[in-house]
Structure formats: structure tokens, C-alpha cells
Amino acid sequence: MNNRQSNPDPSLDPSALSERIHSVRARISAAAQRGHRNPSEIRLIAVSKGQPLTAIQKAFSEGLCEFGENYLEEALPKIQLLSPAVTWHMIGHVQGRKAKSVTENFPCVHSVDSMALARRLSRFAEEDGRTIRILLECNLSGEATKYGWPASNPSAWKSLWPVWREIFPLPGLSLAGLMTMAPYSDDPETSRPIFRSLKQLQAAAREHVPGSDWTELSMGMSDDFEQAVEEGATMVRIGRALFGARL
Ligand SMILES: *Cc1c(COP(=O)(O)O)cnc(C)c1O
């Protein structure tokens, strides 16, 4: 872990927070330029799990308006108290019994990792007259501890297409793209091949699962978002580099 991102008490010091936001934005823009991309294609999702409400409110007042949470119970009070102008992203594993509340509170779910979950989200969203954007979480590293569609071996991708073709037309859902998490490492360059694979998987999905434009690539966190942006991320999910260490 990187010292720059673990100063003491950062989430409680508002000036530190605003400096971090500026610094992360500048690093995203620079990475976009290196990757010959337009920085406006990249959305910063501020991951607010484990952060106090005051820090999240401050981040909102500094212009961040998209926040990511992993746990429904932790997110609900924040969603109640923050401005309705915030867009909330569910980025953590969703248990089936929580699918209803997730559809009611999160317009975007990055962590759709099974057909069963997609069906439940679809049913509840449709009953409620909503459409939620979903991303399919892919496990490209093959780590057994990771959730996601098994995709570490490109020769196995073909078994994903029939299932994903069934997800695409489900009512109440808009299939927007793919999400992944790279394995933990001290060297951010080890994430790059994972991000490249997600981009390749996106290209393959466009060909084999037509209908969706598969626009979104949600990849990159505090320690590897620059690599992710260079490799095509459209959403980066950043917690500690913005807010400092979690509670
Ligand atoms: C916690 C988390 C993040 C943010 O992690 P940081 O290292 O704090 O930037 C991003 N994505 C997911 C899925 C997470 O669980």
C-alpha cells in the first residue's frame, strides 16, 4: 500500500479531502491523455464504504455526485441523508434476499454475478416501474475468493454468451457493461493485463451478445486506477485515494 493514500485522519480534514479529489481528478485526466482518451468518458465513482457521513457530504459539496457502496445496510442511512441528486452505485456482492431493496435504492449495480440475481433484480425493478443499469462482474484472475462470472480463460468465454443473451432482454434492466477487480498487489502494473482482458471480453461480448452496446467498463481502484484509465475504464471506483483509510 502506498503512503500517499494512508495519511493519518484524512477523512476528518476537509482541506485534505478537497486536495485529494483534485489530485485524483488530475491523475485521471493525465492517464486519459496517455491512453489517448477523452477524460470526459471516465466517471469517478467515489467509494464511500467505511467513511463517515460528514466526509461524504463534503465530497458531494466538492462536486462528487456518484458514490459506490458495498453493503446495503451500511448504505441505506447514507442514501436517506444525502441529497437526492446523488447517484448510488452498488459495487458489492448482492444476496438474493436483498435484491428488492437494492433495486429501490441503487440505479446502477456493478456486481451482477449470476442469472438468478439478474432475474430477481429484473422482477423487482419491473414491479416498481424502474429500469436499473447493470454491469456484469467478471472474475478474470481466476482467484477462488472473487465473485464474478468465470472469465479467466478466454476459451471459456463462449459458455457465457448464452446466459448473457438471456440477461440482455430482461425487463427492468439495462445491460450497460462489465466490471472487474484486479487481484491485490503492491505493483499496480500487475492489474494491467486484467484490465486488458476485460476490454477484450467487452469486444467479444459486443460480437456474441448483440443488442447491448456494452459501453461501460468499471475497473480500477485507489492503487491501480491510472492503469485502468489507460486501458479503457469508463468508471473508476475509488475509495481510499479520495477519503483516506476506512474506519
Ligand atoms: C472497496 C472497493 C473499491 C474501492 O477500493 P479502494 O481501494 O478504497 O479505492 C472499489 N471497488 C470495489 C468492488 C470495492 O469493494
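Counting starts at 1 for both ligands and their atoms, in listed order.
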Residues, nucleotides or ligands: over 12 heavy atoms within 6.0 Å of Y147 OH: no
Heavy-atom side-chain proximity of E69 to I91 below 4.5 angstrom: no
Ligand 1 atoms in contact with G239 (distance to a heavy atom under 4.0 Å): 4 (C), 6 (P), 8 (O), 9 (O)
Option from M179, R237, M235 for which side chain to side chain contact (heavy atoms under 4.5 Å, CB included) with H89 holds: M235
Distance filter under 4.0 Å to I238 heavy atoms, resulting ligand 1 atoms: 9 (O)
Centroid separation W157 to W149 less than 6.0 Å: no
Option whose closest heavy atom lies nearest to atom 12 (C) of ligand 1, chosen from V236, D223, I91, V24: I91
Close aromatic pair by centroid cut-off 6.0 Å: W88 and F106: no
Non-hydrogen atom of R246 closer than 4.0 Å to ligand 1: yes
Protein heavy atom at shortest distance from atom 9 (O) of ligand 1: S222 OG, 2.5 Å
Where ligand 1 meets R240 - atom numbers and elements under 4.0 angstrom, heavy-atom basis: 6 (P), 7 (O), 8 (O), 9 (O)
Lys/Arg N to Asp/Glu carboxylate O, E216 vs R133, below 4.0 Å: yes
Selection from R237, M221, K49, E69 by shortest heavy-atom distance to atom 2 (C) of ligand 1: K49
